[in-house]
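Structure first, then comments.
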Amino acid sequence: MKVTYSWLKEYVPLAAPADVARQLTLAGLEVESATPVAPPFSGVVVGEVLESGRHPDAEKLSLCQVTTDGANRLQIICGAKNVRAGLRVAVATVGARLPNDVIIKRAKLRGLESNGMLCSARELGLGDEHDGIMELPDSLPLNQDLREALDLDDTLFEVNATPNRGDCMSVFGIARDYAAAQERRYLTVRVAPVEARSTSTFPVTLEAPAACPIFASRVIRGVKAGIASPPWLRERLRRVGINSISPIVDVANYVMMDLGQPMHTYDLARIREGICVRQAKPQERITLLDDKEYVLDPEYLVIADASGAIGLAGIMGGRSTAISDSTRDVLLESAHFVPDAIAGRARRLGLFTDAGQRFERGVDPTLPALAIERATALLLEILGGEPGPVQLTRAAADTAGAPGWVSLRRDRLARLLGVNVPDEEVHSVLSAVSDRVQVTSDGWRVHQPPHRFDVAIEADLIEEVARLRGFDSITESHAIAPQVAGEASESRVTTDRLLTAMADRGYREVITYSFVDPTLQQQLFPGVPSLSLANPISADLSEMRVSLWSGLVQACRENLRRQQSRVRLFEIGKTFQVRSREGGDLKEIESLAGIATGARWPEQWGSAREPLDFYDVKADVQGVLALTGDVSSVRFEAEALPCLRPGRAARIYRGDIAVGWLGELHPQVAKAINFPHTAFLFELEIDSAFTASQLKYKKIYKFPSVRRDLAIVVDESVPLAVLQENVTVSASGLLSELRVFDVYRGPGVELGRKSIALGLILQDSSRTLADVDADAVVTAVVARLRDLLSATIRDQ
């Protein structure tokens with residue numbers, strides 16, 4: 001929300017701009033910036049064109065005689081088409097300094113001397129208009145400094161009003177909150193009514209009274225054509241970021257920024273029969289002011305006439321009834337739409353409008369009639385016309401809501417704030433929030449002000465007392481709540497430990513959105529149902545993620561685009577799985593996932609660059625699963641997943657429970673998503689993968705171990721886990737450790753088979769093993785592997 005210092009000052013006395021910014025921020029309205037409304041320039045004064053004629057040697061230039069004080073005459077050559085005698089202009093005199101360090105000097109143009117410059121808005125940094133010079137009001141005195149004449153030594157505040165403070169989405173709203181905080185005053189707005197000069201009205205019906213309980217309207221006939229908005233109006237709108245369109249539209253925007261009540265204006269000649277506020281029909285189409293056609297459903301509220309929908313209520317008007325240069329009769333609309341009827345509708349259509357933003361947060365239901373009166377007065381001043389009476393159409397049972405009473409207990413206030421606030425001060429603060437405050441035996445009763453949708457319960461009033469007194473006025477004190485120690489469980493690996501372990505292995509944590517691009521998600525997980533958002537913030541963030549891989553792939557891709565050749569990323573977060581796209585049986589699963597690409601090691605002089613492979617990432621997964629103390633129960637089995645490369649994908653199990661996936665990103669998927677490198681991904685379900693075994697004491701054996709090495713030849717299809725299991729069974733409890741130190745394929749080994757070198761570390765807790773004991777274990781192992789796995793011993 002943008003607001004100027006001078007505009008605020010029309011409602012309430014103000015301190016210096018820097019102090020105002022600080023005071024608003026301390027009161028909860030964060031001022032994100034405070035900047036001058038105009039860049040620095042000097043030497044520019046108000047002047048008048050006395051004569052204007054064609055330059056004798058230049059067809060597109062005008063030779064002008066200009067006075068800056070009524071007595072002098074300056075010859076100035078100007079190229080603007082709108083220059084004419086009698087026009088008040090901004091004159092940059094010789095020696096003037098304009099923005100971008102432009103200094104005005106005497107110059108000759110096509111042989112004639114020019115003593116200054118007639119300035120456009122763009123040349124002074126006051127706007128983008130450059131088709132002609134600035135046309136100033138005739139009321140401005142000659143020779144007055146332009147900065148003083150147009151109040152250009154003003155400050156623009158950009159205020160970040162929180163979503164619950166729709167009442168502060170206007171100049172008056174911010175002034176009202178400032179007055180409450182600084183003066184303990186309940187500020188009200190008064191608008192003088194404009195007397196009707198005709199009996200013209202227009203029929204209005206409310207078919208959706210719950211969504212639109214109040215609809216104020218007024219007919220103004222015979223407005224003048226061909227008149228531009230006055231400079232003061234264009235400049236005031238420009239300063240708060242709104243472009244001037246036409247006097248009628250500018251007045252509606254001005255009233256919205258001033259009072260906070262969005263308005264809409266219709267060309268009365270284009271409306272058929274009457275106005276009706278209703279829900280949209282299924283598949284009803286409407287073309288809005290942005291010249292785009294939208295398809296609606298009954299969740300949308302529309303303004304309609306006999307031809308159909310002519311406006312999207314509370315969001316944007318329709319093109320068919322828009323104001324044009326030929327408009328002579330105007331219908332003003334100032335309605336109250338309840339937040340639930342507007343919230344989220346604009347975002348579903350990809351729209352973001354000032355009106356929608358205000359109605360979503362809540363607009364004061366007492367404003368429509370006041371806004372109509374303010375807009376009428378401005379339009380009559382600018383365009384003339386004959387206004388009819390203000391027509392206020394209300395629902396039979398006004399669902400705008402009768403404000404209720406909210407109680408505040410004295411002891412509850414002291415308990416939540418941790419400080420005793422004097423009764424007189426509390427009453428003063430509450431009287432600045434509402435115009436009706438009653439004292440009770442245990443505290444106060446406050447009548448909910450119509451503009452404060454966020455004041456509904458006792459805690460809201462406590463917040464107001466703290467906020468308006470100033471949070472910095474609450475002294476620091478020790479907590480009086482009992483200190484309860486937390487619990488630490490050894491039954492699972494903690495999240496902090498997982499974070500540390502992943503960082504130790506060279507991965508960096510990322511946090512990605514829970515909602516993802518549906519196109520990318522379907523490329524990774526084709527056919528997998530996902531939960532679609534009813535109100536996405538954008539079309540490419542419209543589905544809940546079924547895996548953390550969608551966000552990790554995007555993050556890794558962006559890092560690669562920024563010349564990061566070696567990337568290791570991980571994330572801990574929730575995934576969302578459903579049985580169908582309608583969202584049945586939603587399950588939230590906390591997962592740990594990672595992605596790795598690039599070289600095996602960071603670049604160094606001690607070894608050649610080697611690409612990362614499947615087994616490097618497998619080792620990372622095994623390392624983090626080892627934190628459970630039960631790594632022997634973990635196994636990897638070859639299985640298929642569409643987004644992983646066949647032959648380089650594995651399902652991860654703990655015992656008989658599948659806990660995750662590991663594999664290389666499928667080359668076809670990588671090409672489809674513009675992923676330039678080979679990448680390896682893994683994902684583990686935290687609850688099932690990281691249940692920890694209870695720690696058990698294991699003494700260190702005092703007797704020496706014995707090692708026996710075996711080279712076993714088995715089929716390529718035999719995984720290491722099967723070998724480990726059979727060797728362990730055969731060793732009869734004497735196996736302390738099994739090491740794999742070589743895998744060989746080549747001459748001497750049949751095609752389709754592989755040689756695996758095993759190191760058996762044998763040890764007994766009660767005695768020293770003899771050779772005969774070790775030989776017996778080896779014999780048993782060889783026999784079991786030969787019988788069950790068709791293994792042979794490789795002699796060389």
Side-chain angles (χ1 to χ4, degrees), residues 2-11 37-38 44-49 80-91 118-142 144-154 156 170-172 191-192 194 218 220 222-259 263 265 323-328 330 332 371-387:
K2 294 181 179 179
V3 58
T4 59
Y5 179 86
S6 60
W7 202 344
L8 274 177
K9 203 169 184 179
E10 292 181 3
Y11 285 108
V37 298
V44 182
V45 298
V46 178
E48 182 179 351
V49 179
K81 296 179 181 179
N82 64 329
V83 65
R84 59 190 182 274
L87 183 65
R88 290 283 164 111
V89 291
V91 181
L118 305 185
C119 301
S120 69
R122 173 180 281 189
E123 288 162 340
L124 296 178
L126 301 180
D128 296 327
E129 299 176 11
H130 63 284
D131 293 336
I133 57 176
M134 292 180 66
E135 299 187 14
L136 303 179
D138 293 339
S139 58
L140 295 182
L142 293 176
Q144 185 179 22
D145 187 275
L146 190 70
R147 300 192 71 91
E148 179 185 352
L150 299 183
D151 193 19
L152 297 180
D153 293 320
D154 196 3
L156 176 67
S170 66
V171 176
F172 171 70
V191 178
V194 177
R218 189 173 211 167
I220 303 178
V223 298
K224 298 175 184 177
I227 296 179
S229 296
W232 71 266
L233 178 57
R234 296 200 306 269
E235 176 62 14
R236 182 157 277 191
L237 291 177
R238 182 197 70 82
R239 293 184 187 185
V240 296
I242 297 178
N243 293 325
S244 175
I245 298 173
S246 70
I248 298 173
V249 176
D250 289 353
V251 163
N253 286 332
Y254 177 87
V255 172
M256 177 184 67
M257 296 303 297
D258 189 35
L259 300 180
M263 297 186 66
T265 56
I323 298 295
S324 66
D325 293 339
S326 62
T327 299
R328 295 296 175 270
V330 179
L332 300 180
I372 287 281
E373 297 286 10
R374 174 67 62 83
T376 302
L378 290 171
L379 282 176
L380 295 185
E381 178 185 333
I382 300 169
L383 299 178
E386 293 186 352

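Everything quoted here is computed from the prediction, not taken from an experiment.
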request  = May I ask you to test the W232-L237 pair for a side-chain heavy-atom distance under 4.5 Å?
outcome  = no
note = Residues at least two apart in sequence or cross-chain that pass salt bridge (charged side-chain N to carboxylate O under 4.0 Å, His left out) with R147, listed by chain then number, are D153
request  = Kindly state whether the ring of W7 and the ring of F172 have centres lying under 6.0 angstrom apart.
outcome  = no
query = Hey, does K2 have a side-chain heavy atom less than 4.5 Å from the side chain of L156?
reply = yes
message = Checking the side chain of R374 only, and the main-chain atoms of V191 only, is there a donor and an acceptor separated by less than 3.5 Å?
response = no
query = Is there side-chain contact between I242 and M257, with at least one heavy-atom pair below 4.5 Å?
reply = yes
key: Backbone N/O of A225 and side chain of D325: donor-acceptor pair under 3.5 Å   = no
request  = Give a yes-or-no answer on whether the side chains of Y5 and D151 include a donor-acceptor pair shorter than 3.5 Å.
outcome  = no
query = With A149, which residues qualify under side chain to side chain contact (heavy atoms under 4.5 Å, CB included), at least two apart?
reply = V46, L140, Q144
query = Mind checking whether E235 and D154 have side chains closer than 4.5 Å, heavy atoms only?
reply = no
query = Going by heavy atoms in the side chains, are D145 and V44 under 4.5 Å from each other?
reply = no
task = Determine yes or no for a side-chain-to-main-chain donor-acceptor pair under 3.5 angstrom, with T327 supplying the side chain and I323 the backbone.
result = no
message = Looking at R236 and E10, is there a salt bridge between them, counting it only when a charged N and a carboxylate O are closer than 4.0 Å?
response = yes
note = Note: A371 and M263 closest approach over all heavy atoms is O-SD, 3.8 Å
inquiry  = Side chains of L233 and I382, heavy atoms from C-beta outward: is any pair under 4.5 Å?
reply    = yes
inquiry  = Can you confirm whether I220 sits close enough to L332 that some side-chain heavy atom of one is under 4.5 Å from a side-chain heavy atom of the other?
reply    = yes
query = With a 3.5 Å cut-off and no angle check, do the side chains of S120 and E123 form a donor-acceptor pair?
reply = yes
task = Decide whether S244 and R238 meet the rule of one side-chain donor and one side-chain acceptor closer than 3.5 Å.
result = no
ask   = Would you call R234 and D250 a salt bridge, using N to O less than 4.0 angstrom?
value = no
note = The single option from V194, L379, V330 that satisfies side-chain contact (heavy atoms from CB on, under 4.5 Å) with R218 is V194
